[in-house]
Structure formats: C-alpha cells, structure tokens
Amino acid sequence: MRNMHQLFSGLRFRLVVLVLLAALPPVVLTLHMARQDRQRQTEALRQRSQDLVKLAARKEDEMIAGTRQLLRALAESSQVQSAQWGKCTRLLRTLFADYPRYANLGVIKTNGDVSASALPLTEPVNLADRSFFQRALATRDLSIGDYQVGRITGKPSINLGYPVFDPSGQIQAMVFAALDLDWVSRSDYALQMQLPQGATWTKIDGNGTTLVRYPSPEQGLVGEPLPEMAHLKTFLARKNGVLEVVDSKGISVLYVFSSTRSVLVAGDVLGILSVPSKVLFAEPNRVMIANLTSVGIVAALVLMIGWIGSRYLVLRPIQALVNFTARMGAGDYGAHSGLPQARDELRQLTRAFHQMAETLQHREAKLRQSEERFRALVQNSSDVTGITDKNGIILYRSPSLQTVLGIGVAETLGKSITDYFWPEDLPRAKRRLAELAEAPGSSQRDEYRLRHHDGSCRFIESVSSNHLDDPAIGGIVFNYRDITKRKQAEGKLKESRQRLQVLSRRLVEVQETERRHLARELHDEIGQALTATEMNLQALLELPGTDALAPRLKESLQVVERVQEQVHDLSLNLRPSMLDDLGLEPALRWYTKRQAALASLQAEVRADSLARRLDPAIETECFRIAQEALTNVVKHAKARVVIVELTQNDEQLHLSVRDDGVGFDVASVREQAMRGASLGLLSMEERATLAGGGLHYHSIPGQGTEVHAWFPLKWAHPTVLIGAI
C-alpha cells in the first residue's frame, strides 16, 4: 500500500499526468471540430429545407397558373357555353387523359349539381357546399378549395373552380379541376432531386394532415395523419426550427421545419425535412473517429517515451538535489550535489529567491503609497464615508461630515447613527440596519432624510455594505452623498408636470367641447340648409316647363347630396352624437362596424354590459383611443380581421383593439414619434394618462398588433332635473 501511494504521489506519475494533460487539447480540439462539422451539416440542411420550401411554392404557382389557363379555356369552349353536357363529357375525358395531374375534371351548374364529369357518375352529385364553389360564385374568378377527399374520385385532392359566363356576364355554370395530391408527390422529380440522401420532405396543414411527401412511399401517405404525430405539437408551436429526437425504432432523426404560406391550403402549412442523424453526420463522425485514433496513438507513444526518459532526464538530477539538501540539513556543509557544473540550477534558484524578495519589497512600497492615496481620497471627498458596528455605533466618519451635516467628526464618534435620522425615516432605517447586520457580505442602497446641525432636513443617497466578518474592517461600511438639491429639483419638476397635466386635461376638454359644438352646427345648421336646398331643387325639377333645365337641376341635386354626405361624415368624425346620447358601448359598436365596412375588414366587438353611464371624460378618452387605433388599422395594418373588446374588472375599464396585420417595431415607431414624425402613439398614451389610466402596445412585425388601454371605473353623476327639486 505504501509503495502504491509513493507511485501515485511521485514525480514520475505527475510527469505522466502532465503528458496526458498535454494530449487533452488535441482531443478537445478534435471534438470541437467535429461539433462544428455537425453544425455546418445542420445549417446546410436548414438551407436545403428553405430551398425546398421555395421550390415547392414555385411549383404550386406553376400548377395554379396552368390550371387557370386550362379552366379558362374549358369555360370558353363551345361545348360548355352551349351547355351540351354530352359533348362536354367527351371533351373532359379527352383533356383528362392528357393531364394526369388531375383526379377529375367537370362542370357544375349554378345550383351545385355536377352536369358533366371526366369520371363516370354512378349517382347524382351536388357540390354546392364545397368551399371552392362558394368562393368562385362570390369572387367571379378562379377559386381554390380546402383539402378534402373527393366525393367522385375518392382521392385526397384540392378542387379549383372557374365560373362560366354567358354573353350578358352572368354566371351560368362552373368548371372545376381536382388536383391529385398523390400524383404531385409521385411526379415532382425536380424537388425529389433536391433531397439529401436518406431524407424525406413532408408538407402538412395545420391539422397535421399530410399534403405532399417526397419521396412518396408505395403505400401512400397523402391525406393521412403525419407519421411523426408525437412531435406535431412541437412543430406547430415553434413554427420554425430544428429538432433532434429518437423515433420509435430507436433511430436518432433530425427534423428541420419551417412555416410558410400555400396557395393550395387556407392558413399556414409546415414543410418538414427529416434525415437520420447517422446518415447526416456520417462524414463528421468518420473524421472525428480517425482524428481521435491518431491522437490516441501519438499520446501512447509520448507516454511510453516520457515514462522511460523521465528516469534519466529528471528523476536522477532531482534525487541528487534531495540527497544534497538532506546532507546539508544534517550538518554536512561540505556535501556536494554531484551535478555537473554546467547545470547550475541551484544557483539560478537562489538568484530567483533574491529577485522575489526585491519584488515583494517593491510591491510593499507601492501598497503603502496606494494606502496614502486612498486615505487622501477619503479625507477630501465630498461624500461621507463611515464605519459602524452591528448596532449602528459610529466607529469612523470622514471629515466631509462637517460639510454635509455641519457636525464635527469628534462629536459623532461613539454615538448611534440612528440619532441623526429624520423622525419619519427612523423606523425604516432601524429595520434596514438590522437586516444588513444579519446578512454578512450583503449591500443596501437607500435614500433617507438626515437632520442638519441647524435643524434643517437633508436628503442623502446611501450605500451600505456588511464587512463585520472581514478582520481588516470588522464593521458596516457606509457611503452617502447629499442629494438635497436634486430632490428639490425633482419636486419642482413634479409640480411642473402636474400643472402641465391639468393644462392638457383642460385643453382636451375644450377641444371636445369645440368638436361637439362644430358637429352640432354642421348637422343642424348646414345640414338643414342643404336639406332645404335639395327640396327646393327637387320642387323646381317637378315644375312644368323646366325640361331644358332638368339636366342642370339633376346635377345640382347630386352635388347637394354629395355635400350632405360629406357634412354628415365630417360631423360624425368630429363628435358622434351617439357617444353623448347612448354612451360608450353603442358608439364603439357603431364606429367599429362603420370603419370595417369602409375598409372591407372583418370586425368583431365584444363588450361587457355596463350597469350605467360612465363618467363623460372616461367615455370620451376611451372612444378617442379606439378611434385612433382603428384609424391606424385601416391606414397601416393591412389587416383582415380586427377585434375590439371592452371589459370591466378590478374597478377598471379595459379597452383592447387587436388586428392580424403586418405589425410594427414599437420601439422604433415610438422613437420616430418623439422626433415629431407621428403623434398618434403619443396622443393615445397622453389621453389614457389624463383619464387616470394607462396604455400598452404589443406588436410583432408580421404577427399583428394589440392596443390595450385601461381607465378607472368612474360612473357619471345622475342628472338632477330642476323641476324635481
């Protein structure tokens, strides 16, 4: 046991360990290079996935363009125009034989009945409920349906429809083509050639249904659930990314997936490129194994040479020095190490010790100089520095105490630091001091008020640290500075802000009053005048003998009607009377539907039922914020859906305006607004603040925007009629 201990604690063993440590960096470097190679392979696979997505999108566009041309030519053919269904069937079967990409071609009547089909019909079929049929009737153009299993073909397909117009421009029928998804998976050789070896590429919809899979398996997966359904939630939640998992067969597979738009399916689809990790990383693994083998061989050779050479090159001279020092320790001052004179390591070692002593002496002088500088810095600093014990008894105070509090240093030594706190801050100061004393090594930052020698109040900013366990300090070190002038300036600034808010609130009230006055003037005075003018012109138009003036009178009537509409819109934009007469909820519903109709938006208003009318100021500011938010949606968002919510909870009224538009960078737009480029955001924030609430924006480019405002739930005071008193 003793020999084993000597072996593992001896110098030779340490030299061997040193050799092994020297071999460690090449091993780490090899592993790092292998990791980088795997990352490059993964990044290349990610890029390949993006290329496949782009190629698939281009192929879809080409298929849609070709189908559009085919259906347009079919719709304009004489057989379809003349509604000769027998001839139409023969034409469809001829085209069906030439276009294998389609599962069926056909003609549908306007009531949805299939009148002609390339595939034989065993029974009457009605497709009026199909989405492509309804969309084509609504848009009067080419429409694309949703993924489905065809009623005629029984195959997974996507239908495309194109209306057939009669000479008067009315829809008399509709031609359709069912795109065979199985054929698409089997026939797209260009996309299959882009796949890495051993890889598969799958396109799925939001429900996990397989739309396309390359290479297409013999049994076919189109229309079936994604084989990797266990990971579907991860794919749909993350949208884009890389996932490496072990499948049910114990094989590690790398998935690269990305979300994209498809002209064939409503909503987003996912393109998933999968390849076994063993196949993808075959070359990096081979290189890593070869490099590790080479490093292992070299390390073994070096270890063997070091084990043998250490005895002659290191151990013998060291043993001679050990024997020499032992003899010197025993009093044999005439001893000699026996080492050759050319190897004067001991003399060099002695010289090194002298140099080390000189260096230490030099460092001590520098340390003394540094201490003097620190003492001068503390003595002349405008901040007060001090040390107390754990109970707050003052052990040291810097001379700047005289400047800050007008108290001499000698007067404070031995006294408690709590004697100088302002009465209202004393309980908090004692509590914080106790917390600091119980947490060695901790620090605190606080603001307090202290008593000046003349009895006045001084605001200070304090930083305290617990050094009770440090033998060199043995106390609580604190440093504080006088911030009285800053606090006074902050008070004046706060007062100025309050005055500014009062002025802003009054300005908004005056503005709303003027808007209400102008809206009523436009509606009552100008509107009535225009109505009277319209009635007079209409009466003139009906008088006998005015046939020559009829065109001018009709033109004047049209002008008056347009002006009436403009005056009406201007009056509503200035101040809708519905807000004053019926309240916030009806006004929000009316305005949202009005803006949605003008911009062709799908709008939804969700509002809690309010017990009674809100404070007029709350109603006005809430309506104006919603008005500004909806205006931004119409002008900038490019949205399709907007949702307005009005809810109440926790004594607060909450307004939310959400859209599915392009979104924006909130920080960038806010910075532009601060430079005066746009005042919309600042105006909404200011209105919410003036009403006693707040406002928050949440927007991500490409993912829509939400404007959330909240207000105190204040009710309007009931109107008291003079006659009831």
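- Partners of R640 by side chain to side chain donor-acceptor pair (under 3.5 Å), not counting sequence neighbours: none found.
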* To do: Check step by step if side-chain contact (heavy atoms from CB on, under 4.5 Å) holds for I64 and L142.
  => CA-CA 9 Å; I64 296 302; L142 179 72; 4.1 Å; yes

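- Residue pairs meeting the salt bridge (Lys or Arg N to Asp or Glu O under 4.0 Å) criterion with at least one partner in residues 598-607, sequence neighbours excluded, are E604-R606, R606-E645.
- Atom CZ of F96 sits in a crowded spot, with more than 12 heavy atoms from other residues, nucleotides or ligands closer than 6.0 Å.
- Here the shortest heavy-atom pairing between G145 and S131 reads CA-OG, 3.5 Å.
- Applying the 6.0 Å contact sphere to CD of Q602 captures no more than 12 heavy atoms from other residues, nucleotides or ligands.
- Salt-bridge annotation for R46 and E43: present, with a side-chain N of the basic residue lying under 4.0 Å from a carboxylate O of the acidic one.
- Proximity of the aromatic rings of F176 and F133 is defined here by a centroid distance below 6.0 angstrom, and this criterion is not met.
- Smallest separation of non-hydrogen atoms from E619 and G583: OE2-CA, 3.8 Å.
- M684 CE to L655 CG: the interatomic distance, rounded to the nearest 0.5 Å, is 10.0 Å.
- By the 4.5 Å heavy-atom criterion applied to side chains, W85 and Q79 are not counted as neighbours.
- N104 places a side-chain N or O within donor-acceptor distance of the main-chain N or O of L119, the cut-off being under 3.5 Å.
- Between T647 atom OG1 and L653 atom CG the span is 7.0 Å, to the nearest 0.5 Å.
- In terms of the side chain to side chain donor-acceptor pair (under 3.5 Å) criterion, residue partners of D166 (sequence neighbours excluded) are, by chain and number, S168.
- For the atom pair F623 CZ and E585 CD, the distance stands at 13.5 Å (nearest 0.5 Å).
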* **Steps toward side-chain contact (heavy atoms from CB on, under 4.5 Å) verdict (L92, L74)** => CA-CA 9 Å; L92 292 173; L74 186 60; 3.4 Å; yes

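- In terms of the side chain to side chain donor-acceptor pair (under 3.5 Å) criterion, T122 has no residue partners (sequence neighbours excluded).
- We find that E628 and R687 are not joined by a salt bridge, their nearest charged nitrogen and carboxylate oxygen being 4.0 Å or further apart.
- To the nearest 0.5 Å, atoms CD1 (I158) and CE (M63) are separated by 8.5 Å.
- Closest non-hydrogen pair, S115 versus I108, comes out as OG-N, 4.3 Å.
- Note that CG of L71 is 11.0 Å distant from CD of E76, once rounded to the nearest 0.5 Å.
- For F257 against L243, the heavy-atom pair with the smallest separation is CE2-CB, 4.0 Å.
- For the pair S600 (side chain) and A596 (backbone), a donor-acceptor distance under 3.5 Å is absent.
- For the residue pair H708/H698, the side-chain donor-acceptor check at 3.5 Å is not satisfied.
- Residues L588 and L646 have side chains in contact (heavy-atom distance under 4.5 Å, counting atoms from C-beta outward).
- With no hydrogens or angles considered, a side-chain donor-acceptor pair links T67 and Y102 at under 3.5 Å.
- Residues I144 and F132 fail the side-chain proximity criterion, which asks for heavy atoms closer than 4.5 Å.
- Salt bridge status for D98 with R93: absent, with no side-chain N to carboxylate O gap under 4.0 Å.
- Under the salt bridge (charged side-chain N to carboxylate O under 4.0 Å, His left out) criterion, K109 pairs with no residue at all, not counting sequence neighbours.
- At least one donor-acceptor pair closer than 3.5 Å links the side chain of S699 to the backbone N or O of F664.
- The closest side-chain donor-acceptor pair between E706 and S656 falls under 3.5 angstrom.
- Atom CZ of residue R589 and atom NZ of residue K593 lie 6.5 Å apart, to the nearest 0.5 angstrom.
- Within the 4.5 Å cutoff, side-chain heavy atoms of I152 are placed close to those of L121.
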* To do: For the pair T705 and V666, evaluate side-chain contact (heavy atoms from CB on, under 4.5 Å) and give the outcome as yes or no after the intermediate values.
  => CA-CA 10 Å; T705 301; V666 176; over 6 Å; no

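- Contact annotation: the side chain of W590 never approaches that of L582 to less than 4.5 Å [non-hydrogen atoms, C-beta and beyond].
- For H654 against N649, the heavy-atom pair with the smallest separation is NE2-OD1, 3.0 Å.
- At a threshold of 4.5 Å between non-hydrogen side-chain atoms, the residues R72 and Y162 count as touching.
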* To do: In sequence, state the C-alpha distance, the side-chain angles, and the governing distance for R68 and D141, and then conclude on salt bridge (charged side-chain N to carboxylate O under 4.0 Å, His left out).
  => CA-CA 10 Å; R68 176 188 286 272; D141 199 355; 3.2 Å; yes

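- V114 places a side-chain heavy atom less than 4.5 Å from the side chain of L127.
- Counting heavy atoms from C-beta outward, R101 and L179 have side chains that approach closer than 4.5 Å.
- Under the 3.5 Å distance criterion, the side-chain polar atoms of R658 are left unmatched by any main-chain donor or acceptor of V644.
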* **side-chain contact (heavy atoms from CB on, under 4.5 Å) between V253 and V275, intermediate numbers included** => CA-CA 6 Å; V253 181; V275 60; over 6 Å; no

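- Taking H636 as the reference, nothing meets the side chain to side chain donor-acceptor pair (under 3.5 Å) condition, with sequence neighbours excluded.
- Shortest non-hydrogen contact noted between Q627 and Y591 is CG-OH, 3.2 Å.
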